[in-house]
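We're numbering straight along the sequence, starting at 1. Since the structure is predicted, the reported quantities are computational estimates derived from the model, not experimental observations.
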Amino acid sequence: MPVGPEVTGIELGVDLGVSDDGWLERRMWVPAGLDGPPDVLQGGLAAGVCTEIARAADRHGAPLTSLDARLHAPTPQERELTARVRATDGVARYEVQTVDGDELLVSAVVELAGYDPVPQVHDLAELATVPLPEPQPDESFPTCVICGPHPRHPLGQHLYPGYLGDDCVVTGWVADEAVSRDGERIHDLIVAAALDCPTLWSTMPHLRAAGYDLGLLAQYQLRVFTPPPVMEPLRTVARMDAADGRKLRARGALVDEDGVVYAAASALHIAARAPAATS
């Protein structure tokens with residue numbers, strides 16, 4: 001079965017069975033081209049697939065409420081991985097893991113209990129009406145499927161950051177039906193991916209000033225409040241909240257120009273230096 005819109009090419013296979021400690025296990029295929037850093041699955045997608053792994057085990061079909069994910073290691077592409085899910089004691093809450101052999105890639109808790117109440121993110125909602133800043137293509141993640149100028153996958157969105165000062169980004173977005181769940185609303189997996197990148201871009205001026213080249217997603221929380229529409233003018237917005245050494249915290253939101261907040265995300269990025277070029 002496809003994970004997210006079919007255009008992603010991510011697929012879940014048949015059940016492998018239930019482990020002694022209660023995990024339902026399935027194979028998961030991740031194709032090439034869904035980059036964050038080159039050849040690594042984009043962080044929002046790596047976290048967001050957990051929502052669909054949980055949904056495949058859920059019998060009720062309620063909308064996504066929340067995703068709380070920790071990224072332990074980069075998720076490889078062109079690889080068959082293992083997806084694991086088990087119910088928790090809470091109603092409609094699931095523990096999810098993705099694993100490559102014996103290596104834990106992502107661990108998450110997913111709640112499928114209907115949309116959250118309206119968020120308290122007034123400082124982000126205010127960015128719904130500011131003039132859109134000029135988008136700035138950046139080669140730091142050249143093939144990123146969301147923000148890269150040269151994506152390798154047909155999903156490529158080209159959502160370049162537009163800066164308002166050194167810690168705030170605003171980017172216009174009109175999502176087409178290829179990234180929808182039902183032809184009308186943007187798929188949760190794509191929302192998770194689209195809000196990862198702006199949270200990182202809001203931290204980039206700071207981390208570059210500190211002598212680093214990029215940031216890697218380490219923790220990610222997503223809350224969904226109302227289904228975002230396709231083919232309507234939306235904005236991804238983000239602000240950096242705090243820096244503690246290499247740890248950079250930022251929040252992002254998906255809003256429209258009337259100030260409606262569709263989803264909000266909180267991210268912890270770890271500043272890093274780019275690998276040395278090899279000849």
Side-chain angles (χ1 to χ4, degrees), residues 3-4 7-10 28-50 69-81 98-101 103-108 135-161 169 171 189-220 222 236 238 240 243 245-250 252 265-279:
V3 174
V7 67
T8 66
I10 305 174
M28 183 174 75
W29 173 255
V30 176
L34 294 171
D35 296 352
D39 301 316
V40 173
L41 185 64
Q42 194 256 9
L45 290 175
V49 295
C50 295
R70 186 180 185 94
L71 289 81
H72 303 271
T75 298
Q77 301 182 66
E78 289 192 286
R79 188 81 64 87
E80 190 173 73
L81 308 174
T98 58
V99 181
D100 182 17
E103 183 174 31
L104 178 62
L105 303 175
V106 180
S107 59
Q136 299 181 30
D138 193 298
E139 296 287 344
S140 297
F141 300 92
T143 59
C144 177
V145 70
I146 297 298
C147 66
H150 316 293
R152 299 189 299 141
H153 194 280
L155 179 63
Q157 296 295 298
H158 299 276
L159 298 184
Y160 309 136
V169 294
T171 301
L189 179 62
I190 306 304
V191 173
L195 289 183
D196 168 25
C197 294
T199 62
L200 175 57
W201 286 119
S202 72
T203 73
M204 288 291 276
H206 177 89
L207 69 83
R208 284 170 172 162
Y212 296 97
D213 305 300
L214 48 85
L216 302 175
L217 185 63
Q219 293 180 342
Y220 193 57
L222 176 70
T236 62
M240 188 180 86
R246 294 175 58 207
K247 297 179 180 179
L248 306 166
R249 297 187 182 276
S266 177
L268 169 65
H269 298 280
I270 306 300
R273 291 184 174 88
T278 57
S279 57

Check: After noting the C-alpha distance and the side-chain angles of His150 and Glu139, does the key distance pass the side-chain hydrogen bond (donor to acceptor under 3.5 Å, both in side chains) rule?
Finding: CA-CA 9 Å; His150 316 293; Glu139 296 287 344; 3.0 Å; yes

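Each of Leu159, Thr8, Leu155, Leu41 was evaluated against Val145; a single residue qualifies, Leu155, per the side chain to side chain contact (heavy atoms under 4.5 Å, CB included) test. Of the listed residues (Pro135, Pro161, Cys147), just one forms a side chain to side chain contact (heavy atoms under 4.5 Å, CB included) with Val169, and that residue is Pro161.
More than 12 heavy atoms of other residues, nucleotides or ligands shown are found within 6.0 angstrom of CZ on Arg152. Environment of CZ in Arg70: sparse, with no more than 12 heavy atoms of neighbouring residues, nucleotides or ligands closer than 6.0 Å.
Taking CG of Leu81 as the start and OG1 of Thr75 as the end, the distance is 7.0 Å to the nearest 0.5 Å. Atoms CG and CG, from Leu71 and Asp196 in turn, are 8.5 Å apart once rounded to the nearest 0.5 Å. Distance check, rounded to the nearest 0.5 Å: OG1 of Thr203 to CZ of Arg208 gives 9.5 Å. Considering CG of Leu34 and OG1 of Thr143, their distance stands at 10.5 Å, rounded to 0.5 Å. Distance check: Leu248 CG to His206 NE2 gives 5.5 Å after rounding to the nearest 0.5 Å. Rounded to the nearest 0.5 angstrom, His269 NE2 and Met240 CE are separated by 11.0 Å.
The minimum heavy-atom distance linking Ala267 with Thr199 is given by the pair CB-OG1, 3.5 Å. The shortest heavy-atom contact between Pro149 and His158 is O-CE1, 3.6 Å. Contact detail for Val106 and Ala47: the closest heavy-atom pair is CG1-CA, 4.4 Å. Among all heavy-atom pairs drawn from Thr98 and Met28, the shortest one is CG2-CE, 3.9 Å.
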Tell me which donor-acceptor pairs under 3.5 Å the side chains of residues 209-218 have, and how far apart each pair is, sequence neighbours excluded?
| residue | atom | partner | partner atom | Å |
| --- | --- | --- | --- | --- |
| Asp213 | OD2 | Ala274 | N | 2.8 |

